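Whatever order the structure lists them in is the order used to number ligands and atoms, beginning at 1. On a predicted model such as this, the values are computed, not experimentally measured, just so you know.
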Amino acid sequence: MKVVTVKDQVEGGALALDILREKVAVGAQTLGLATGSSPLEFYKQVRESDLDFSQMTSVNLDEYVGLTAEDPQSYRYFMQENLFDAKPFKVSYLPDGTAEDKEAEVVRYNEILKAHPVDFQILGIGRNGHIGFNEPGTSFEQETSIVDLQESTIEANARFFEDISQVPTQAYSMGIKNILSAKTIVLFAYGVDKAKAIQGMVEGPVTEDMPASALQNHADVVIIADEAATSLLTK
Ligand code: GLP
C-alpha cells in the first residue's frame, strides 16, 4: 500500500487523474466509482479532461435503499451530476435503490460485478474505517449485500440531508471481496476526521474491526491523503 500525502484535494485529484490516464491508456475497461465528498475534486478534473468513457463501463460501490434515481440524495443522482452527465459511459451500473425485490437486486448486482471486473476503483473511507458501506465487523469474504448503517455513519452522512431522520438506515453495498478484486485501487482521505481510520488502515492489524485494513492484502493500492488525514501515521 502506497501512501501519498498531498497539499489538498486539487493536488490529490490531479494525481488520481494521472493514474487513471495510465490505466485507460493500457486498456482499462471498467471503472469502479464512489460517492461522498472525497472524490469531488477528482470528478471535477475528470469532467474537464479529454478522457472519453463512451466505450467503457462503470460500476458504483453503493446506493441507499429506498431512494429513487431522481432523489438528490441518491448516489445515482450524485453520479449523474458529478460525472455521468458530462462524461457518459457506455453503461453505468449502480444498485437500484427502489428495487421491489431487494434480495434479487443483490443477486443482480453481484452478477454485474462478475461480468465487469473492475480495472480502476475509486474509494473514500468512513470515519470508522468503512469502505463502500462495509461497516466494522463485516467479513472480508462479503459480496454485495444489504447493510444496516451504523449510527455513526448515519450521523456523518446527515450533513447532506435536511434532517437526520431523512437519512436512510440501509444501503446496498459492494462487499469487501468485490472491492479487493479490483486491479488498481485509489483511496482519497482528507481532513483530521479521517486520521484514526487512516492509521488503522495503514499501520494497524488486518482485522474485520477496521474494514479498510483489508486493503493491506491488495497488491496495488494508492492512498491519496492530506496532512491532516495522515497526521497519526508514525512511519
Ligand atoms: C459514505 C460512502 C462511502 C464514502 C464515505 C466517506 O458512507 N458510502 O463510500 O467513502 O461516506 O465520505 P466522504 O468522502 O464524504 O467523507
Asker: Quick one: look up the protein heavy atom nearest atom 8 (N) of ligand 1 and list residue, atom name and how far away it is.
Answerer: Asp62 OD2, 2.9 Å
Asker: Indicate, with yes or no, if the rings of Phe42 and Phe188 have centres closer together than 6.0 Å.
Answerer: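 Judged by ring-centre distance (under 6.0 Å), Phe42 and Phe188 do meet the cut-off.
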Asker: Table please: side-chain donor-acceptor pairs of residues 2-30 below 3.5 Å, with sequence neighbours left out.
Answerer:
from, atom 1, to, atom 2, distance (Å)
Asp8, OD1, Val10, N, 3.2
Asp8, OD1, Glu11, N, 3.0
Arg21, NH1, Asp50, OD1, 3.0

Asker: Of all the non-hydrogen atoms in the protein, which one sits nearest to atom 2 (C) of ligand 1, and at what distance?
Answerer: Tyr75 OH, 3.8 Å
Asker: For atom 12 (O) of ligand 1, what is the closest protein heavy atom, and at what distance to 0.1 Å?
Answerer: Gly36 CA, 4.1 Å
Asker: For atom 6 (C) of ligand 1, what's the nearest protein heavy-atom neighbour? Residue, atom name and distance, please.
Answerer: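 Residue, atom and distance for the closest contact: Ile125 O, 3.5 Å.
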Asker: Could you check atom 5 (C) of ligand 1 against the protein and tell me its nearest heavy-atom contact, residue, atom and distance included?
Answerer: His130 NE2, 3.8 Å
Asker: Closer than 4.0 Å to some heavy atom of Gly124 - which atoms of ligand 1 meet that?
Answerer: 10 (O)
Asker: Between Tyr64 and ligand 1, find which residue part has any heavy-atom pair under 4.0 Å and reply side chain, backbone, both or neither.
Answerer: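 It is neither part, as no heavy atom is under 4.0 Å.
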Asker: Which residue supplies the protein heavy atom nearest to atom 3 (C) of ligand 1, what is that atom called, and how far is it?
Answerer: Gly132 O, 3.5 Å
Asker: Any ion pair linking Glu105 and Lys102 (charged N to carboxylate O, less than 4.0 Å)?
Answerer: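 Answer for the salt bridge query: no.
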Asker: Under a 3.5 Å threshold, yes or no: a donor from one side chain and an acceptor from the other, between Glu143 and Asn178?
Answerer: no
Asker: So which bit of Arg159 gets within less than 4.0 Å of ligand 1, heavy atoms only: side chain, backbone, both or neither?
Answerer: side chain
Asker: Any N/O of Thr153 closer than 3.5 Å to an N/O of ligand 1?
Answerer: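 Looking only at distances, the answer is no, because the N/O contact criterion of under 3.5 Å is not met.
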Asker: Could you see which bit of Ser38 sits under 4.0 Å from ligand 1, with heavy atoms only: side chain, backbone, both or neither?
Answerer: both
Asker: Could you go through the ring pair (Phe, Tyr, Trp, His ring centres under 6.0 Å) check for Tyr64 and Tyr172 one step at a time?
Answerer: CA-CA 6 Å; Tyr64 287 118; Tyr172 293 100; over 10 Å; no
Asker: Quick one: look at Asn157 and ligand 1, take heavy-atom pairs under 4.0 Å, and tell me if it's side chain, backbone, both or neither.
Answerer: side chain
Asker: Hey, is NZ on Lys87 packed in by over 12 heavy atoms from elsewhere, all under 6.0 Å?
Answerer: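 Above 12, so yes.
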Asker: Can you tell me how far CZ of Phe89 sits from OG1 of Thr57, rounded to the nearest 0.5 angstrom?
Answerer: 8.5 Å
Asker: Evaluate Thr35 for polar contact with ligand 1, using N/O atom pairs at a separation under 3.5 Å.
Answerer: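 N/O-N/O distance under 3.5 Å: no.
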Asker: Which heavy atom of Ile125 sits nearest to which heavy atom of Ala189, and what is that distance?
Answerer: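 That closest heavy-atom pairing would be CG2-CB, 3.9 Å.
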Asker: Using 4.0 Å as the upper bound for N to carboxylate O, is an ion pair formed by Glu81 and Arg76?
Answerer: no
Asker: Give the residue, atom name and distance (to 0.1 Å) of the protein heavy atom nearest atom 16 (O) of ligand 1.
Answerer: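 In this structure, atom 16 (O) of ligand 1 has Lys194 NZ, 2.5 Å as its nearest protein heavy atom.
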